[in-house]
Amino acid sequence: MKAILVKFVALCLLGIQFSFAQESTIRGKVVDRNNNPLDGANIYLKGTILGSASDRGGLFLIRKVPTGRFNLTIHMIGFGRLDTLLSIESNQQIDLGVIILSAIPLQSEPIVVTASKHEQYFQDIPLSISSVSAQEINYRNSITIDKALKYVSGVAMNRDQVNIRSSNGYSYGVGSRVMMLVDGIPLVAGDTQGLIFESLAMHQIERIEIQKGAGSTLYGSNALGGVINVLTRSISEEPELYFKLYGGTYDEPYHTEWDWSDKRRYLHGLRFGYSQKIANVGWRLAISRDEDDSYRKNDWRRRYNFGAKLQFDLSPFDLLSVTGNYMNQDRENFLYWQDLNNALIPASNQLGDRVDAKRYFINAIYRHIMQNKDFYRVNAIWYRNRFADNIDEGHRSLSDFVNFEFQYTFNVAVHMITAGITPSYNYVDSDLFGVREGYAYAVYIQDEIVLGPRWQTTLGVRFDYFKIDSLSSDNSINPKLGLIFKPQKDLALRASVGTGFRAPSISEAFTTTTAEGIIVVPNPELKAERSISAELGWNQIHSKRIHSDLALFYNYFKDLIEAEFLSETENQVQFKNITKARVFGLEFNMDWQIVPEKLLYHIGYTFTNPRDLSSSEVLKYRPEHILYTDLKWNLDPFRIGLDYRYLSRFGRIDENFALIINDAKERVPIHVVDLRFLYSFTIDQMTLLATLQINNLLQYNYVDVIGTLAPLRNYVLTLETEF
Amino acid sequence: MKLKFFIFFITIFWLQYCNHGLSPIPRPAGISGIITYQNWPPPDSIKILKLVVFRNFPPGNIIEEVQSKRAIYYPTVLTESLPQFVDSTEYRLALEPGVYEYIVIAQQYGEIIETDWRVVGQYDTTAADTLPSAITVLADSILKDININVDFMNLPIQPF
């Protein structure tokens, strides 16, 4: 370990002192067909680590380009991809002038990295993947990652837990069947294995990719329901300063019976970012502060995030980046309501409950590109979570998660092979879970084979061995097979089948606590969940204006871990391997440019039939129907956006909650309409963007799980600039 | 085409505007409990049995109290009686939120409905004295376990 550290430091120092022999540059301006500058287009030279992103004026600059012939790729969400071959000579200053990208009706980034751990074109992937761009995060002022995921088809947020195509119900913040990654590196809490969506300043994010269906062949445990990969922004050649301020207020409750506060309830925050590159070293700083009075009593929260990224361009073919984030959140705790008639007031035993959390991570990625676009990548992360609360007698918990990975991707004839090894370690010291540790090792290999101009196949397998404290050690072998067939241009048919698994989290196995009337007892007999996942898909660009994607999927789960009340009359809960289940369904997405680059429409519909095969009942906390639509209208310099979300009523919840939570069974289908107006303007050559959002425009009242009313109508005004 | 989309969204808005999802459940305030009986007298001595809840203790004449709405009775139809010659009966009575000082079972023992009443049981949680116990009814909640024991051989002190 020490030797590796010394080598890393040496590489960094070398990078700082390294002076490229050639000082060629490539610059240009990216615009749409109406000559509007495109902010955030990705521009990079294939086979190198060199690249850039266009600024608000659409301008980009790539420095220190070596001599040679390179493919330059320019792409952006919602727009086409442009590839061009460039011959670079020594000290050449290349100005590509104005580059026009045409809007295409693709709902997703044309290039994604999550499916195979390297860049791929959207139609070359045998799985369903959606993405959320930085632009969409900004449009909706998504304060945390989970808020951004609310608009992704097939995804339902059960309070702060993500449910992809009915893989997850609600597990009280403990365990997740979805893996979250930051730049391809797992970011999961060491104790609960839950996803902590606040652990990143949002304007560090370039895009979020969401893979639906089992991803255990590359990502191991937790990825049996899907993968969320958060990709952070690279550092541009030119200095960038970013500032954003937002403030808003909650409306009065629709029903006067719920009006509990004499004061208006506010939410507000600010974001600050700065990035700069000096010689071969770039850095980005991201600071954010969010405060929310909340529309509910005893639900106030304040959060600070301090994020930084250091990037060392060691050579045109070597990149070292180090990313870190520190989050401090102080909040009150609203677990469930007093009753439906007092829906915004918690049960009296929760009043005064507070939780203080500090979460920080640091990761490092070293990537070296060799000849023939072969590359290897080494990455590591340390993620620490600590929280303390005053609930009942008070609790405290500290957990560490450490993960290391070596990945090697190389080409042999028609094969592209990705192989890797990844050990990880968890440590927990908590009065809820005890002092525990767990570790895991995994090796994986995947071969993508181009069988011809129309056929591609992917074969992969991963072996995981894991040991979680006193639980019996176990292992899992997860193969997958994917197939792509392109019978004609702009049409891709896909098929995939694979297996997944999830090792129990330390918290599921060892929690001993009493919280708000619920007694959680440990289960040292807990074992891993397993799944088989299959998908058929049809992806077609019908014209320049319409794109659609249809997926049929089937998932079979065995030994699902769910929290169960031990009897119908007691309030004791235990996590158990209770059931076999299957989920089948379909998902349809369509993007339509009603008026090219002016009026854009997206619809995403997901049907799932989640069944518990032991009891033949529907699985808990899963909506059968999810429908998202959004309409964007560009009236330069104004833009209008309208979102509509529909989720059918949960077919089933934990009936025993009625023993503890008044009116626990009260729930309705979800219909939410969000409206936003955006206006771009310039003051002294500084471009500003002002946004007015009206969330839950129609004051629709619904619960997001049980006994918690979702946000009331709120108005948020945002002002931001980047220069 | 634009018009169709406009109509589509307006339709969604309109449909949703009519529906605001969850709403408070109308829940009457009141009391509920069990009345238990011992030592029933001969059938012809009981005309009507009523649960009567008085705002104040001691009350005035039972009929005056009812007419001035300082007392509420159950069953709510004047001529109806609580079940007779049973060991126990459950009841549930809607009341305005507030304090009620005197909850009794009243027996009409004679033919004259204005005057022929006596108390045969009262809500009393304190064994140390013979005074009745007051209750406070909160909004949106039913006060449970307001149980009354009636012993026809051991009647409480008469307030009228």
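In what follows, chains are A, B, ... by sequence order, proteins preceding strands, each numbered from 1. Fair warning: this is a prediction, and the values are worked out from it, not measured in the lab.
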Participant: Taking the six-membered ring for Trp, is the centroid-to-centroid distance between B/His20 and A/Tyr254 below 6.0 Å?
Facilitator: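 When the ring centroids of B/His20 and A/Tyr254 are compared, they turn out to be within the sub-6.0 Å range.
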Participant: Is A/Glu257 in contact with chain B via its backbone, its side chain, both, or neither, using a 4.5 Å heavy-atom distance?
Facilitator: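 Answer is side chain: those atoms of A/Glu257 sit under 4.5 Å from chain B.
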Participant: Does anything in residues 68-96 of chain B get under 4.5 Å of chain A by heavy atoms, and if so which residues?
Facilitator: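 Not one residue of residues 68-96 of chain B has a heavy atom under 4.5 Å from chain A.
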Participant: Would you give the length of the straight line joining atom OH of A/Tyr702 to atom CG of B/Leu22, rounded to the nearest 0.5 angstrom?
Facilitator: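 Going from the OH atom of A/Tyr702 to the CG atom of B/Leu22 covers 11.0 Å.
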Participant: Looking at A/Glu666, A/Gln699, A/Arg667, A/His255, which one has more heavy-atom pairs under 4.5 Å with chain B than the rest?
Facilitator: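 Result: the option with the highest number of such pairs is A/His255.
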Participant: Between B/Pro24 and A/Trp258, which heavy-atom pair has the shortest distance, and what is it?
Facilitator: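 Scanning both residues, the minimum pair turns out to be CG-NE1, 3.6 Å.
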Participant: Any residues in residues 25-34 of chain B near chain A, with a heavy-atom distance under 4.5 Å, and which are they?
Facilitator: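 At a heavy-atom separation under 4.5 Å, chain A is reached by B/Ile25, B/Arg27.
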Participant: Please flag which part of A/Ile670 lies under 4.5 Å from any non-hydrogen atom of chain B: side chain, backbone, both or neither.
Facilitator: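 Contact with chain B is absent: no heavy atom of A/Ile670 under 4.5 Å.
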